[in-house]
Amino acid sequence: MDLVSMSNQQVSHKNGYLVKGLTNGSNGYSNGYKNGSMNGTHIELGHSEFMKIQRYQDLIGSTPLVDITSLANPKVPGVKVLGKCEFLNPGFSMKDRIVKNIFDKAEQNGLLQPGWTVVAASSGNTGAAVAMLAAMRGYKAVITTSPKCSEEKVASIKAYGAELIMSPPGLSEDHPESYMNMAKQLAKENAGWFDVNQYDNLDNPEGHFRTLGPEIWEQTVGRVTHFVAGGSTGGTITGTGKFLKAKNPNIKCVLADPMGSIFHEYFMSQKLTKPKKFLVEGVGKGSIPGCMDFGVVDDVIQVTDEQSFQTCHRLARKEGLMVGGSAGLNTWAAIQIANQLEEPGVIVTVLCDLGVKYLSKVYNDKWLEENNIIHGIK
């Protein structure tokens with residue numbers, strides 16, 4: 001029952017004031033209570049005393065776990081697949097966590113000061129998180145990205161007031177004009193610019209070590225047996241994995257990797273190979289970022305674009321979860337583990353971002369057909 005619908009009830013304020021007879025009348029007032037007074041007696045109810053309301057940025061983290069075991073077909077009872085709903089963060093992705101930690105640490109250490117400009121290289125979600133938090137904290141933001149970034153993510157970055165710079169298409173990551181190097185160069189050339197540098201900044205995995213890992217441990221009451229996540233910067237698998245393994249060294253951390261990324265081959269042979277094209281955004285890489293610690297990784301599962309996008313559609317049509325391609329990739333890998341376990345287990349994976357960021361791609365039949373991904377979805 002809320003206050004508006006209460007009738008003839010007494011509500012005791014912490015300072016001892018009583019407010020009687022709140023009703024749902026046409027004018028919203030009853031028994032003379034209006035504008036902080038009761039029958040002519042002034043009642044001092046300051047906002048800070050009466051209610052504590054958070055700012056939007058304070059809602060980052062503490063996302064729920066949901067059961068998505070229905071997509072799996074385990075051999076034995078007691079196997080659960082759980083998805084961490086990171087799309088419920090304020091910027092609709094898990095990247096809010098790392099950007100908040102990077103901003104906080106930079107501000108504490110004097111590396112980011114009032115009036116400065118924040119620059120970030122991003123495939124989209126980190127850029128949106130940077131643009132959002134920069135707007136909240138009064139910084140200017142410049143985001144560099146590649147043409148692979150979905151039009152929805154491009155639009156969201158601009159909506160927060162950030163400047164967006166798109167790199168030329170078809171460039172390798174080590175090219176001087178790649179979106180990754182572009183951000184570094186801009187920070188070097190301009191005084192008062194702070195480079196988020198999510199690929200090498202260790203405050204990235206620390207953000208997950210401090211928040212995502214503890215949340216998963218607490219929400220599963222320490223029963224998590226496997227953690228599955230894709231990697232681009234490596235921050236998620238590294239930070240979360242380190243926390244979970246500190247709690248229980250037997251927890252398996254599995255990296256889901258898109259076919260075409262170099263992570264799988266590097267994990268297997270420690271050899272750097274040439275990346276190939278893949279369509280899933282925000283995961284996989286053509287180089288090894290400084291935030292990626294393969295010492296935390298127990299296995300790497302390769303996933304095709306088709307498997308990733310098919311799983312997105314299965315999640316939407318079976319569980320009502322419309323998520324992005326990287327979440328589909330993570331879920332497909334988690335399902336493979338669930339279907340192979342010979343004993344009970346709790347597999348936690350990450351539903352990285354919201355599907356509305358990909359209406360022009362993952363959930364667009366024309367785009368899927370153009371990329372030969374439509375087979376098996378309908």
Q.
Whether R137 and D104 form a salt bridge (side-chain N of Lys/Arg under 4.0 Å from carboxylate O of Asp/Glu) is what I want to check.
A. yes

Q.
Looking at D298 and K245, is there a salt bridge between them, counting it only when a charged N and a carboxylate O are closer than 4.0 Å?
A. yes

(Q) Tell me whether Q307 contacts the main-chain N or O of L329 through its side chain, where contact means a donor paired with an acceptor under 3.5 Å. (A) no

Q.
Using the rule given for side chain to side chain donor-acceptor pair (under 3.5 Å), can you reason through E173 versus S287, listing the C-alpha separation, both sets of side-chain angles and the distance that settles it, and then say yes or no?
A. CA-CA 7 Å; E173 293 177 4; S287 59; 2.6 Å; yes

Q. Only one of W332, Y363, W367 forms a ring pair (Phe, Tyr, Trp, His ring centres under 6.0 Å) with F309, so which one is it?
A. W367

(Q) Ring-plane angle category for F294 and F263, please: parallel below 30°, perpendicular beyond 60°, tilted otherwise. (A) perpendicular

Q: State plainly whether the residues R97 and E86 are in salt-bridge range, i.e. N to O under 4.0 Å.
A: yes

Q) Less than 4.0 Å between a side-chain N and a carboxylate O, is that true for E265 and K271? A) no

Q) In Å, rounded to the nearest 0.5 Å, how long is the span from CG of L354 to CE of M322? A) 6.0 Å

Q) On the ring face of F278, is K148 found with NZ or CZ under 6.0 Å from the centre and within 45° of the axis? A) yes

Q: Look at the side-chain heavy atoms of Ile, Leu, Val, Met, Phe, Trp and Tyr, link any pair under 4.5 Å apart, and say whether V254 and I251 land in one connected group.
A: no

**Q.** Presence of salt bridge, K80 and D67, under 4.0 angstrom
**A.** yes

Q. Between E281 and K357, is there a side-chain N and carboxylate O pair less than 4.0 Å apart?
A. no

Q) Are Q336 and Q340 linked by a side-chain donor-acceptor pair shorter than 3.5 Å? A) no

